[in-house]
Amino acid sequence: MADPKGFLTTGREVAETRPVAERVKDWNEVYVPGSLLPIISKQAGRCMDCGIPFCHNGCPLGNLIPEWNDYAYRENWQAASERLHATNNFPEFTGRLCPAPCESACVLGISQPAVTIKNVEVSIIDKAWDTGDVKPQPPERLSGRTVAVIGSGPAGLAAAQQLTRAGHTVVVYERADRIGGLLRYGIPEFKMEKRHINRRIEQMRAEGTKFRTGIEIGRDLTATDLRKRFDAVVIAAGATTARDLPVQGRELNGIHQAMEYLPLSNKVVEGDFVTPPITAEGKHVVVIGGGDTGADCVGTAHRQGAASVTQLEIMPRPGEERSAGQPWPTFPMLYKVTSAHEEGGERVYSVSTTHFEGDADGNVQSLHLVEVEFVDGRPAPKPGTERVIPAQLVTLAMGFTGTDVENGLVTQFGLALDERGNIARDADFATNIDGVYVAGDAGRGQSLIVWAIAEGRSAARGVDRYLTGASELPAPIRPTDRALTV
């Protein structure tokens, strides 16, 4: 145990954020660089080294949290990095982007603020990069087998790295112009600077993984061609079919899916544009959807100079404390103030959009909404609560309904879908087609980054066993495992 009295003598401290007036003027990460290291050892010392560490169950990766907390407390950063990488290929991604179900399951969190597990995690990996402890791990010998991975998000990258290290020749196909999937173009720079992706890609290249960008399987390259070239295929194409809002006025200019809007700001940071084709500058912006993607739209609109930002959510405002129906160690649905919300804007709950209005040129100008109450689990409008708000740019951040079926990938492979529209798979993450596997949101549905990485690692084991008859690769989860939540 790191510090037997740490949880009694040390209060919880989290990463310091830069002043709002400063950070909304740039796209850099919101946190003060270097602010964690002076405090993180004591924060790691708050870990109780529980007899039954429920944080393990909260994290689908099975991260060895008490162990690397102990090493971080003792400032043995190399050992901490080794323990961290034992279960997680990309802790710098999860340490920045995961909502930390491990902290919700922390035993200390029953009676006190939980251990800052995410902050410890990101401190360990950032230190490891700074000291050169993160090195390529190429295989000792090659198997002679080849694997194609479709999609370069966290699931695809995790599967690719595991299979490369197992000795297989792996090629990752990405339809975008850069590697990273939604890590690259769905996550704003202020949440994770893309240099973190770039150096992982270089590590993977040094290990032997090959990358092909600008190629969409189903359109640019057929499933038949792919199966002829490779011994196995891993589909990690995500759940990219966005939920739409079929109301009057949806066709007006200025109404966009979040994933049409967010990537363009990332392309500005990459140097592809000076000004994005879709911008919030000087406009009244409405974001429909109260989740993390909606918050990303809010923060992006602030940095583009929006005149106002309003975020709408059809569900009631969550509470700030666990309810009786969401006991520890489940992941509770709590009112959350992200860095984007700290920067301004209005959040409106229990409302539904009825229709949009536009000007003579077909551009959206206003949004009509109504308050709702839930009756038998369904939202019902409350008479007399209708109102109109200005809206010159609207982003739809209402989640995703399944994997893309329009590009031909599903049909060409002949893949079976489950009742939710996801690609069906068995206990080894294998689809109904021999040699074709699926990992991440394409098989699970829209989920968290930790689940994506865990699925990539588990699917890699299934592929390795298919190719060689046995596998020593870890498989942290089963396809049927679900989050510890209500």
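What you see below is based on every heavy atom in this structure, not just the backbone, and it leaves out hydrogens, waters and symmetry mates.
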Task: E313 side chain to R347 backbone, donor-acceptor under 3.5 Å - done: no
Task: R205 atom CZ: more than 12 heavy-atom contacts under 6.0 Å - done: yes
Open item on the list: Surrounding NZ of K42 (heavy atoms of other residues, nucleotides or ligands, distance under 6.0 Å), is the total greater than 12?
Closed with: no
Open item on the list: For L262, is there any backbone N or O sitting under 3.5 Å from a side-chain donor or acceptor partner on S265?
Closed with: yes
- [ ] Inspect the contact between R165 and E207 and indicate whether a charged nitrogen and a carboxylate oxygen are less than 4.0 angstrom apart.
- [x] yes
Open item on the list: Taking E174 first and then R184, would you say they form a salt bridge - that is, a charged N and a carboxylate O separated by under 4.0 Å?
Closed with: no
Open item on the list: Please check if the number of heavy atoms outside L8 that lie under 6.0 Å from its CG is greater than 12.
Closed with: yes
Donor-acceptor contacts, no H, no angles, side chain residues 295-302, under 3.5 Å, sequence neighbours left out:
unit_1, atom_1, unit_2, atom_2, d
D296, OD1, K191, NZ, 3.1
T300, OG1, D296, O, 2.8
H302, NE2, G344, O, 3.0

- [ ] For the pair K118 and E121, find out whether any cationic side-chain nitrogen is under 4.0 Å from an anionic carboxylate oxygen.
- [x] no
Open item on the list: Using a 3.5 Å distance criterion without hydrogens, assess whether the side chain of R18 forms a donor-acceptor pair with backbone atoms of N28.
Closed with: yes
Open item on the list: Test side-chain contact (heavy atoms from CB on, under 4.5 Å) on F413 and I235; report intermediate values, then the result.
Closed with: CA-CA 10 Å; F413 274 110; I235 299 174; 4.1 Å; yes
TODO: Using the ring-ring contact (aromatic ring centres under 6.0 Å, His included) rule, collect all pairs that involve residues 39-59, keeping only residues at least two apart or in two chains.
DONE: F54-W328
TODO: Could you tell me which non-hydrogen atom of V120 sits nearest to which non-hydrogen atom of N69, and how far apart they are?
DONE: CG1-OD1, 3.3 Å
What side-chain donor-acceptor pairs closer than 3.5 Å can you find for residues 472-480, not counting sequence neighbours?
unit_1, atom_1, unit_2, atom_2, d
R478, NE, D481, OD1, 3.1
R478, NH2, D481, OD1, 2.8

- [ ] Determine, for Y335 and R317, whether the Lys NZ or Arg CZ falls below 6.0 Å from the six-membered ring centre while staying within 45 degrees of the axis.
- [x] yes
Open item on the list: Tell me if a side-chain donor or acceptor on E22 pairs with a main-chain N or O of P19 at a distance below 3.5 Å.
Closed with: no
Open item on the list: One pair to check against salt bridge (charged side-chain N to carboxylate O under 4.0 Å, His left out): R200 and E92. What are the steps and the verdict?
Closed with: CA-CA 10 Å; R200 273 297 176 186; E92 65 271 42; 2.6 Å; yes
Task: NZ/NE/NH1/NH2 to OD/OE distance under 4.0 Å, E343 and R23 - done: yes
Open item on the list: Q161 vs Q203, test: side-chain contact (heavy atoms from CB on, under 4.5 Å). Steps then yes/no.
Closed with: CA-CA 10 Å; Q161 187 168 63; Q203 179 201 35; 3.2 Å; yes
Task: Any donor-acceptor N or O pair under 3.5 Å, side chains H196, E29 - done: yes
- [ ] Would you check, one step at a time, whether the test side-chain contact (heavy atoms from CB on, under 4.5 Å) holds for W129 with S81?
- [x] CA-CA 10 Å; W129 279 108; S81 175; over 6 Å; no
Open item on the list: Determine whether D464 and H168 satisfy the following criterion, side-chain contact (heavy atoms from CB on, under 4.5 Å), listing intermediate values before the conclusion.
Closed with: CA-CA 8 Å; D464 188 38; H168 308 301; 2.7 Å; yes
TODO: Find out whether Y466 and D428 are in side-chain contact, i.e. whether some heavy atom of one side chain is under 4.5 Å from a heavy atom of the other.
DONE: no
Open item on the list: Between D404 (side chain only) and T240 (backbone N and O only), is there a donor and an acceptor less than 3.5 Å apart?
Closed with: no
Open item on the list: Please check this pair: side chain of R457 against backbone of L61, looking for a donor-acceptor N/O pair closer than 3.5 Å.
Closed with: no
Task: Note, Q304 side chain near V285 side chain (heavy atom, < 4.5 Å) - done: no
Task: Set of residues satisfying ring-ring contact (aromatic ring centres under 6.0 Å, His included) with respect to Y31, sequence neighbours excluded - done: none
TODO: Taking salt bridge (charged side-chain N to carboxylate O under 4.0 Å, His left out) as the test, write out the residues that go with R12, two or more places apart.
DONE: E103
Task: R145 side chain vs L467 backbone, donor-acceptor pair below 3.5 Å - done: yes
Task: Minimum heavy-atom distance between R322 and T330, given as atom pair plus value - done: NH1-O, 2.9 Å
Open item on the list: Could you check whether E270 pairs with K194 (Lys NZ or Arg NE/NH1/NH2 to Asp/Glu carboxylate O, under 4.0 Å)?
Closed with: no
Task: Polar side-chain atom of S350 near backbone of I314 as donor-acceptor pair, under 3.5 Å - done: no
- [ ] Using modelled atom types only, decide if a donor and an acceptor are shared between the side chain of R83 and the backbone of W68 within a distance under 3.5 Å.
- [x] no
TODO: For a side chain to side chain contact (heavy atoms under 4.5 Å, CB included) with L415, tell me which candidate from V438, L409, V405 qualifies.
DONE: L409
Task: Test item: S123 side-chain N/O and L37 main-chain N/O as donor-acceptor pair under 3.5 Å - done: no
- [ ] Sorted by first residue and then second, give each side chain to side chain donor-acceptor pair (under 3.5 Å) pair with at least one member in residues 440-452; sequence neighbours left out.
- [x] R444-E455
